[in-house]
Amino acid sequence: QMLGSKRIYLHPEASTLQPTLTPEEEAVATGMAQMFLEGMQESLETKQAVEDSLQGVMYKVHFHRPRESAGQAAGRTVTLTLDALALPEDVKPLVERELFGREGLEPAHLLFEHQHLPPEVPLYWLGIDEDGK
């Protein structure tokens with residue numbers, strides 16, 4: 001919905017938007033924030049431990065260009081050996097060079113299980129494993 005004639009306010013301080021908490025409410029909010037931060041810290045440590053364990057792990061990944069895509073690589077499959085922590089944004093140009101001879105020759109998007117691969121998430125975290133699937 002368009003804002004039209006609705007007003008948008010620009011307050012000079014964020015505190016004008018903050019509710020005033022009683023000391024008890026503030027203690028509860030602080031405790032909740034602490035629990036949240038501890039959970040985040042644990043999650044980051046776990047992620048780092050997994051990534052450390054994947055250093056040097058290589059996957060053979062199969063890339064298939066569907067036959068119905070037409071073009072020069074239609075129906076072709078290439079297999080690349082990639083780092084488990086490789087990013088799709090770095091992998092896509094490699095696949096294009098293998099399939100088409102160079103990047104950008106034909107429209108191409110990386111999909112896994114019918115979903116576009118986010119460019120900044122490592123292969124391992126996307127569920128792609130050492131079997132290349």
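Predicted model only: the values in this text are computed from it and were never measured.
Taking the side-chain hydrogen bond (donor to acceptor under 3.5 Å, both in side chains) definition, one finds that Thr30 meets it with nothing, sequence neighbours left out.
Considering every non-hydrogen atom in both Tyr59 and Ile128, the closest pair reads CE1-O, 3.1 Å. The shortest non-hydrogen separation linking Leu94 to Arg97 is CD2-NH2, 3.0 Å. Closest approach of Pro88 to Leu110, counting heavy atoms only: O-CD1, 3.8 Å. For the residue pair Lys92 and Ala108, the shortest heavy atom distance occurs at CE-O, 2.8 Å. Here the closest non-hydrogen pair linking Ala84 and Leu54 is CB-CD2, 4.3 Å. Here the closest non-hydrogen pair linking Phe112 and Leu126 is CE2-O, 3.6 Å.
Residues Val57 and Tyr124 fail the side-chain proximity criterion, which asks for heavy atoms closer than 4.5 Å. Looking at heavy atoms from C-beta onward, Met58 lies out of side-chain contact with Leu82 at the 4.5 angstrom threshold.
In this structure, CG on Leu37 lies 10.5 Å from CG on Leu44, to the nearest 0.5 angstrom. With rounding to the nearest 0.5 Å, the separation of CZ in Arg65 from CD in Glu96 is 8.5 Å. To the nearest 0.5 Å, atom CD of residue Glu24 and atom CD of residue Glu26 are 10.5 Å apart. Distance check: Trp125 CH2 to Glu120 CD gives 14.5 Å after rounding to the nearest 0.5 Å. Rounding to the nearest 0.5 Å places CG of Leu117 at 6.5 Å from CG of Leu111. Taken from CD in Gln72 to CG in Leu99, the straight-line distance is 9.0 Å, to the nearest 0.5 Å.
At most 12 non-hydrogen atoms from other residues, nucleotides or ligands lie less than 6.0 angstrom from CD of Glu42.
In the hydrophobic cluster analysis, where Ile, Leu, Val, Met, Phe, Trp and Tyr join through side-chain heavy atoms closer than 4.5 angstrom, Leu87 is grouped apart from Val50.
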